[in-house]
Amino acid sequence: MPHSDFAKLYDPANGLTCHFVPVDNTTRDLVESVRDMFIASMNDYGYEGYSREIDSMFHLRSTYVYITEATKIVMTGRVTPRPPGTIVPFEMGVRESGGHYSLDEGEPVVDINTYTYVRGYYGRAMPLLTAGFGYCSKSFNARRAYCLYDVENETIERAYVSIGFACSQRFPELIHFPTFYKRKGDRLEPARWQVMEWDYETIERQARAAVERYELVEDA
């Protein structure tokens, strides 16, 4: 299935295209190739314990938002809405107190996840991916968007801050996932994650940037 079937935004200045691919039976091979890029990136950075089975409760209701140059995927992401009766990933995390965070069931939110990129493309591709995140989040009528970063990874923290994410005041305590670890020398330790968020105004601003800065591919 060609990427062009899912093109949504085009950046003529850089020759990059942003695609939105919902997960269903017809897109399985394509979205798995995007997810595989993220899994490989996690392995490269020393994380262990990723479970496709656990992740699939989010994967199967997600839209993959990714950037290509011609046919080459250069940056990836995923937007996961939270319909009633479902959760977003950080609600599975455990606080040091042993408790879990919980959103009100009716809150219209999305999770933004699986962000990775090919070396050398960050500067050109991240603005387009950010606009894609905003446009996609607004399409789900989200009032907030959440993401997580490993608190030991200052580079990722700076990347998220640069596109408008802020540490959540509502969910300030770090969380970890009992089955997910990071290699540190010859041992494994739980990776600890900070919850970050976009508020409604930020989602609106990024969605506007999508149509003001880039060309909307109407047939997507």
Side-chain angles (χ1 to χ4, degrees), residues 1-23 27-52 55-56 58-59 62-80 89 110-137 145-165 180 182-183 191 193-194 196 198 206-207 209-210 213-217 220:
M1 185 170 291
H3 298 302
S4 58
D5 286 355
F6 303 97
K8 175 59 73 172
L9 301 169
Y10 177 63
D11 176 5
N14 290 294
L16 301 175
T17 304
C18 182
H19 309 264
F20 292 4
V21 185
V23 178
T27 62
R28 180 166 45 191
D29 290 344
L30 179 54
V31 294
E32 284 296 343
S33 70
V34 179
R35 185 158 68 153
D36 285 345
M37 287 183 65
F38 175 66
I39 295 171
S41 176
M42 286 195 300
N43 291 335
D44 289 343
Y45 284 98
Y47 296 103
E48 292 191 11
Y50 176 87
S51 166
R52 285 182 181 270
D55 183 67
S56 283
F58 308 110
H59 164 76
S62 294
T63 293
Y64 280 76
V65 178
Y66 64 89
I67 308 299
T68 62
E69 183 175 54
T71 60
K72 178 182 179 181
I73 299 174
V74 299
M75 184 171 271
T76 76
R78 182 174 82 184
V79 176
T80 306
V110 296
D111 175 78
I112 293 177
N113 192 21
T114 67
Y115 147 64
T116 191
Y117 62 96
V118 173
R119 188 181 299 275
Y121 281 91
Y122 178 86
R124 287 194 292 147
M126 191 60 170
L128 179 59
L129 186 71
T130 303
F133 283 156
Y135 193 97
C136 189
S137 298
Y146 293 97
C147 70
L148 298 173
Y149 83 93
D150 178 345
V151 294
E152 294 186 353
N153 193 327
E154 295 180 355
T155 299
I156 298 299
E157 178 188 15
R158 289 194 297 270
Y160 281 133
V161 169
S162 74
I163 62 173
F165 277 99
F180 194 72
K182 192 171 184 180
R183 292 191 298 273
W193 306 88
Q194 176 75 58
M196 304 188 83
W198 274 350
Q206 300 295 3
R213 297 181 59 183
Y214 304 110
E215 296 177 5
L216 188 63
V217 183

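All residue numbers refer to positions in the sequence shown, counting from 1. Predicted, not measured: the structure shown is a model, and the values here were computed from it.
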Let me confirm one number: the [atom1]-[atom2] distance from [X] to [Y], rounded to the nearest 0.5 Å.
X	Y	atom1	atom2	result
T76	F38	OG1	CZ	8.0 Å
L9	L129	CG	CG	10.5 Å
R124	E69	CZ	CD	4.5 Å
T63	F133	OG1	CZ	11.5 Å
M75	M126	CE	CE	5.5 Å
D11	I67	CG	CD1	8.5 Å

Compare every heavy atom of [Y] with every heavy atom of [X], then report the nearest pair and how far apart it is.
X	Y	answer
Y10	G15	OH-CA, 3.8 Å
Y214	L128	OH-N, 3.5 Å
I112	A145	CD1-CB, 4.0 Å
L16	A125	CD1-CA, 3.8 Å
A210	Y135	CB-CD1, 3.8 Å
F20	C18	CE1-SG, 3.7 Å

Practice item. Count the heavy atoms belonging to other residues, nucleotides or ligands that lie under 6.0 Å from CZ of R28, then report whether that count exceeds 12. Key: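 Open: at most 12 neighbouring heavy atoms sit under 6.0 Å from CZ of R28.
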Below 4.5 Å, heavy atoms only, C-beta onward: do [X] and [Y] meet side chain to side chain?
X	Y	answer
K8	L216	yes
I73	V34	yes
H19	L30	no
R78	F58	yes
T130	P127	no
Q194	Y160	no
M196	V161	yes

Please check: side-chain N/O of [X] versus main-chain N/O of [Y], any donor-acceptor pairing under 3.5 Å?
X	Y	value
W198	C147	no
S137	G134	no
T17	T68	no
S41	M37	no

Exercise for review: Would you tell me whether N153 and Y45 have side-chain atoms, one donor and one acceptor, within less than 3.5 Å of each other?
Suggested key: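 The answer is no; no qualifying pair exists.
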Point to revise | Y64 and H59 side chains, donor-acceptor separation under 3.5 Å | key: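 The criterion, which ignores hydrogens and geometry beyond distance, is satisfied for Y64 and H59.
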Exercise for review: Name the orientation class of the two ring planes belonging to Y66 and H3 (parallel below 30°, tilted from 30 to 60°, perpendicular beyond 60°).
Suggested key: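 Rings of Y66 and H3: perpendicular, over 60°.
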Practice item. Kindly say whether the aromatic ring centers of W193 and Y149 come within a distance under 6.0 Å. Key: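 When the ring centroids of W193 and Y149 are compared, they turn out to be at least 6.0 Å apart.
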